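Data block below; observations after.
Protein chains get the first letters and strands the later ones, always in sequence-line order, with residue 1 at the start of each. The structure displayed is predicted, hence computed values, not measured ones.
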Amino acid sequence: MPELPEVEVVRRGLQNHVEGRVIARVEVFHPRSVRRHLPGAADFAGRLVGRELVAARRRGKYLWVELGSGEAVLAHLGMSGQMLVQPPGTPDEKHLRVRMVFADDGPELRFVDQRTFGGLSVEEVVEVDGVPLPVPVAHIARDPMDPAFDPAAAVAALRRKRTEVKRALLDQTLVSGIGNIYADEALWRARLHWARPTDRLSAAKAGELLSAATDVMRAALDAGGTSFDALYVNVNGQSGYFDRSLAAYGQEGLPCPRCGRPIVREPFMNRSSFSCPRCQRHP
DNA sequence: CAACCGCCCTGGGTGC
DNA sequence: TGCACCCAGGGCGGTT
């Protein structure tokens with residue numbers, strides 16, 4: 001649920017609050033939150049103690065902090081993951097999963113995750129096209145905020161798929177960072193129905209769709225991200241306010257901001273797609 | 001090989 | 001008041 005803008009808000013918070021600090025102690029309260037760290041929770045903690053958090057990075061919805069020596073601590077927020085910077089002694093959050101305490105006795109870093117779809121792991125960093133990436137991120141495409149993002153290549157990748165356009169937009173190996181919210185917003189902006197087959201999508205229209213996705217995610221980032229229920233927050237626990245600017249996602253029954261027709265919700269991959277029945281004609 | 005389906009998980013909300 | 005049920009959904013492993 002946190003998509004590119006929300007994850008970037010968190011990355012900036014980590015950059016400002018934990019970069020350059022040395023970990024003194026790590027507590028894992030729920031094994032599921034480190035399930036992707038195959039050697040287990042004790043190994044996870046042991047690998048982090050004494051290490052300096054060097055630089056906070058992001059690709060798509062993946063977030064990591066370089067540790068030096070070719071390793072990084074990798075985070076995926078899943079649906080409900082939060083990274084909170086809290087003064088020592090602050091009461092534990094109900095869904096606190098991992099705590100990192102620093103050698104400087106300053107604020108702790110806490111991983112809080114109600115639904116435990118997210119998680120942390122220590123990963124080896126490998127070079128992919130000249131960019132250092134944790135191994136599980138190696139197959140993830142560049143996102144539209146990446147300075148080296150190639151829009152023409154992304155358009156070609158989208159159009160090579162033989163599927164519905166929204167499925168392609170959500171495929172993180174084609175373009176990363178887009179989830180259900182910004183997919184629906186981008187499709188609304190580009191006046192495309194989610195079920196349009198990619199082989200019936202002109203290069204120009206695909207380019208328009210990607211531009212729309214980029215624009216809406218940048219606007220959301222400027223607003224501090226999208227929040228519905230205080231599940232996505234920055235490292236200080238504050239919500240963004242982009243939800244006020246959503247045109248389609250979650251707006252069932254409300255007027256389309258462009259034409260006034262009520263937004264409809266349709267089942268899509270065991271979830272929902274929101275669209276305007278007039279602006280986004282079903283193929 | 002590409003496309004697609006089902007599963008993982010929790011708690012807030014809703015309807016009876 | 002309480003209980004059963006629904007819903008949110010990214011990523012991955014298994015199947016077609």
*asked:* Counting only heavy atoms and a strict 4.0 angstrom limit, can you tell me which residues of residues 152-166 of chain A come near DNA chain B?
replied: Lys161(A), Arg162(A), Thr163(A)
Short N/O separations, protein against nucleotides 12-16 of chain C, under 3.5 angstrom:
| residue | atom | partner | partner atom | Å |
| --- | --- | --- | --- | --- |
| dC12(C) | OP1 | Tyr62(A) | OH | 3.0 |

*Reckon Arg35(A) touches a base, only the sugar-phosphate, or nothing at all at heavy-atom distances under 4.0 Å?*
nothing
Please determine, for the side chain of [X], which listed nucleotide ([options]) has the closest atom?
X	options	answer
Phe117(A)	dG6(B), dC9(B), dA8(C)	dC9(B)
Arg167(A)	dG10(C), dC9(B), dC5(B)	dC5(B)
Arg115(A)	dT10(B), dG10(C), dG6(B)	dT10(B)
Asn180(A)	dG10(C), dG6(B), dC9(B)	dG10(C)

Going by an N to O cut-off under 4.0 Å, is there a salt bridge joining [X] and [Y]?
X	Y	answer
Arg47(A)	Glu71(A)	yes
Arg25(A)	Glu27(A)	yes
Arg57(A)	Glu66(A)	yes
Glu52(A)	Arg21(A)	no

*Does the side chain of Lys94(A) get closer than 4.0 angstrom to OP1 or OP2 of dT10(B) through an N or O atom?*
no
Which side-chain N or O atoms in residues 183-192 of chain A pair as donor and acceptor under 3.5 Å with protein atoms at least two apart or in another chain?
| residue | atom | partner | partner atom | Å |
| --- | --- | --- | --- | --- |
| Asp184(A) | OD1 | Lys166(A) | NZ | 2.7 |
| Asp184(A) | OD2 | Phe274(A) | N | 2.8 |
| Glu185(A) | OE1 | Ala247(A) | N | 2.8 |
| Glu185(A) | OE2 | Ala247(A) | N | 3.4 |
| Glu185(A) | OE2 | Ala248(A) | N | 2.9 |
| Glu185(A) | OE2 | Tyr249(A) | N | 2.7 |

*Specify whether Phe44(A) and His37(A) have parallel, tilted or perpendicular ring planes, treating 30° as the upper limit for parallel and 60° as the lower limit for perpendicular.*
perpendicular
*Which residue lies toward the 5' end of DNA chain B, Arg271(A) or Asp171(A), if each is placed at its nearest nucleotide?*
Asp171(A)
*Within 45° of the ring axis of Phe149(A) and under 6.0 Å from its six-membered ring centre, is that where the NZ or CZ of Arg142(A) lies?*
no
